[in-house]
2 protein chains.
Amino acid sequence: MVNANQSYIKQCFPVLEERLYQEIIETCSYHEFPSSTYVVKQGAYLNFLPVVLKGQIKMYAEEEDVQFLLYYINSGESCILSFNHLFDPKPVQFSAITEEDTVVMTLPVAKVKEWVIRYPTFARILISDFQRNFEDLLRTTKEIVCFGIEDRLIKYLENKCKRGNCNQVHLSHKQIALDLGTSREVISRITKKLEKAGVLAQQKRYIELLQA
Amino acid sequence: MVNANQSYIKQCFPVLEERLYQEIIETCSYHEFPSSTYVVKQGAYLNFLPVVLKGQIKMYAEEEDVQFLLYYINSGESCILSFNHLFDPKPVQFSAITEEDTVVMTLPVAKVKEWVIRYPTFARILISDFQRNFEDLLRTTKEIVCFGIEDRLIKYLENKCKRGNCNQVHLSHKQIALDLGTSREVISRITKKLEKAGVLAQQKRYIELLQA
DNA sequence: AGAAAACGGTGATTTTGATCACCGTTTCCC
DNA sequence: GGGAAACGGTGATCAAAATCACCGTTTTCT
């Protein structure tokens, strides 16, 4: 298992000095999470850098008894889960929940700070991963503000299909509602409407997106 | 004037190797913008890193004929205006508009990439500025989603006062509406309501926040 | 001074989505 | 097999905010 994890590290950090790679292997620790569990809870203080080696995680904002999906973190590129606590010991402002069985590697913050200075490519990886997160968050924000729920639901389903590489979405209306920060009834109504419009078909246990 | 700008650079990058400081001075160029002008327009391709040396800039999202305020960039700490185009030549996803007379320094992307590798502290500044922007964006997103306009207006005014260091806001209802992504009538009604509630007082040409 | 433009107030109406209430079906589990 | 829990559908109602329409005042510009 450890060997598998080591190969995941190479995938996450494609261009990495061999010495840094060795250091990472020596200092990291691995954590496995089943699907639908919290990896990070909003408000927690982290003293490590979490990296998604395998699987998929969704980032959630939780505020005032409303919660909603911010963006996804995948293994492979752009796999660093959180940065904001790196240089400033503040509680994280979001939660991270696994979407599937997931392996997370943690690196001590002190080491990471050191590596940013010592290994230029490491800093660069951090920056570009960070950029990706920022872009994802900005896109989500715009969608929330500028689009109605119907459009957002369609985008959400399309996105699910793309990332699952099939045109079925195996989620209950309630789970979808949670991700979109709304209620089950609203999702029920819109899916019905979209079904009539021929955008999707609702099977017993899943939703199927039609059209290209 | 150039001398003044050079001292602003020191303020923006408090801990900077002397050699890098010299390199920056040699390669940068300065641009002055009057208040309320576009520094960066959403959709543009930038081949430089913009840094706010003096003044204040607001970041705007523009989408589907809706636009709204994302966060502010100030001179001093956390003054880097945009990163996302750094390692990936994509159009920027927001606009930047001056709030007051502002001086912006631009650094060629190629140089910046080089410096990230050669000067560890430069990478670190980039990362921590980036963190700040991310946090600001996340806070804004949460506020938009979780709070009603009334609360958001109050926060907005409080924020204006804090950053202007006085309890007056010299903006028309229309301008406020634009920042909050709503319409003038809505702001008019709410300010009236808040006036009656004793939260603020509307003078001829400005709004005055009461209470602490 | 006078016209034009910007500003602010306010009523009426509409739209979107949230919430409540209720009910039949399906699935899960003991 | 049977009961509980989760699921999905749908009508009714409500609330927040957007939109439209109109009007008087203030400011700006020539």
Side-chain angles (χ1 to χ4, degrees), chain A residues 35-36 61-69 140 142-157 160 168-197 199-209, chain B residues 34-36 61-69 142-157 160 168-197 199-209:
Chain A
S35 187
S36 301
E62 319 204 37
E63 203 77 7
E64 302 265 319
D65 73 352
V66 185
Q67 53 182 342
F68 57 96
L69 176 64
T140 301
K142 286 183 182 180
E143 283 177 9
I144 291 175
V145 175
C146 302
F147 299 142
I149 291 198
E150 186 170 325
D151 287 330
R152 286 174 55 212
L153 175 59
I154 295 173
K155 274 178 196 288
Y156 173 85
L157 294 173
K160 277 278 175 194
Q168 299 178 356
V169 178
H170 291 258
L171 290 171
S172 72
H173 291 180
K174 192 176 169 192
Q175 285 171 294
I176 296 172
L178 233 141
D179 279 354
L180 295 181
T182 180
S183 64
R184 180 192 62 78
E185 297 94 315
V186 172
I187 300 297
S188 267
R189 266 188 261 270
I190 299 178
T191 49
K192 253 279 119 61
K193 184 179 166 195
L194 293 176
E195 194 172 22
K196 278 174 190 151
V199 179
L200 52 80
Q202 298 203 70
Q203 310 300 340
K204 284 280 154 197
R205 312 180 58 80
Y206 60 89
I207 293 170
E208 188 171 358
L209 262 194
Chain B
S35 188
S36 303
E62 318 204 39
E63 203 78 8
E64 301 266 317
D65 73 353
V66 184
Q67 53 182 343
F68 56 97
L69 176 64
K142 287 183 179 178
E143 283 177 11
I144 291 175
V145 175
C146 301
F147 300 139
I149 292 198
E150 186 169 327
D151 288 330
R152 285 173 54 213
L153 175 59
I154 295 172
K155 274 179 196 287
Y156 172 85
L157 293 173
K160 277 278 174 192
Q168 299 178 355
V169 178
H170 291 258
L171 290 172
S172 72
H173 291 181
K174 192 175 168 192
Q175 285 171 296
I176 296 172
L178 233 141
D179 280 353
L180 295 180
T182 181
S183 62
R184 180 192 62 80
E185 297 94 313
V186 172
I187 300 298
S188 266
R189 266 187 260 271
I190 298 178
T191 48
K192 253 280 112 71
K193 185 179 166 194
L194 292 176
E195 192 172 23
K196 277 174 190 150
V199 178
L200 53 80
Q202 298 203 70
Q203 310 300 341
K204 284 281 156 197
R205 313 181 57 81
Y206 59 89
I207 294 170
E208 188 171 359
L209 262 194

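Throughout, a chain's letter reflects where its sequence line sits, starting with A, and its residues are numbered from 1.
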Set out, in order, the CA-CA distance, both residues' side-chain angles and the distance that settles side chain to side chain contact (heavy atoms under 4.5 Å, CB included) for B:Val145 and A:Glu63, then state yes or no.
CA-CA 9 Å; B:Val145 175; A:Glu63 203 77 7; over 6 Å; no
Which pairs, with at least one residue in residues 173-193 of chain B and sequence neighbours excluded, count as a ring pair (Phe, Tyr, Trp, His ring centres under 6.0 Å)?
none
Whole-Å distance separating the CD atom of A:Glu185 from the P atom of C:dC20
9 Å
Taking every heavy atom of A:Ala177 against every heavy atom of A:Ser183, the minimum-distance pair comes out as CB-C, 3.5 Å
Taking five pairs at each end, how big is the angle between the two axes of the helix from C:dA1-D:dT30 to C:dC30-D:dG1, to 10°?
40°
At under 4.0 Å, does any side-chain N or O of A:Arg205 touch on OP1 or OP2 of C:dT26?
no
Looking only at non-hydrogen atoms, find the nearest pair between A:Lys142 and B:Glu62 and report the distance.
NZ-O, 4.4 Å
Polar atom pairs between nucleotides 12-15 of chain C and protein, under 3.5 Å, N or O only, would you list them?
| from | atom 1 | to | atom 2 | distance (Å) |
| --- | --- | --- | --- | --- |
| C:dA12 | N6 | B:Arg189 | NH2 | 3.3 |

With a 4.0 Å cut-off (strictly under) to non-hydrogen atoms of chain B, the first and last hit nts on DNA chain D, 5' to 3', are D:dA17 to D:dT28
Does A:Lys204 make a side-chain N or O approach to OP1 or OP2 of C:dT26 shorter than 4.0 Å?
yes
Contacts of B:Glu143 that satisfy side chain to side chain contact (heavy atoms under 4.5 Å, CB included) - sequence neighbours left out:
B:Arg139, B:Phe147, B:Lys155
Which comes earlier along DNA chain C counting from the 5' end, the contact point of A:Arg184 or that of A:Phe147, where each point is its nearest nucleotide?
A:Phe147
Atom CD1 of A:Ile149 and atom P of C:dT19: how far apart are they, to the nearest Å?
10 Å
Side chain to side chain contact (heavy atoms under 4.5 Å, CB included) partners of A:Glu195, counting only residues at least two apart
A:Lys192, A:Leu200, A:Gln202
Does the side chain of B:Thr191 reach to within under 4.5 Å of the side chain of B:Ile207, using non-hydrogen atoms?
yes
Just checking A:Gln202: base, sugar-phosphate only, or nothing, at a heavy-atom cut-off of under 4.0 Å?
sugar-phosphate
B:Leu194 vs B:Leu153, side chain to side chain contact (heavy atoms under 4.5 Å, CB included): CA-CA, chis, key distance, verdict
CA-CA 10 Å; B:Leu194 292 176; B:Leu153 175 59; 4.2 Å; yes
So B:Tyr206 and B:Val169, side chain to side chain contact (heavy atoms under 4.5 Å, CB included) or not? Walk me through it.
CA-CA 6 Å; B:Tyr206 59 89; B:Val169 178; 6.0 Å; no
For A:Arg152 and C:dG17, give me the distance from atom CZ to atom C1', rounded to whole Å.
11 Å
In whole angstroms, how far is the C1' atom of C:dA5 from the CD atom of B:Gln175?
15 Å
Using a heavy-atom cut-off of under 4.0 Å over every strand shown, decide if B:Ser183 touches base, sugar-phosphate, or nothing.
base
Residue pair B:Phe68, B:Asp179: steps toward the side chain to side chain contact (heavy atoms under 4.5 Å, CB included) verdict
CA-CA 5 Å; B:Phe68 56 97; B:Asp179 280 353; over 6 Å; no
Minimal heavy-atom distance between A:Ile176 and A:Leu157, with the atoms involved, is CD1-CD2, 4.3 Å
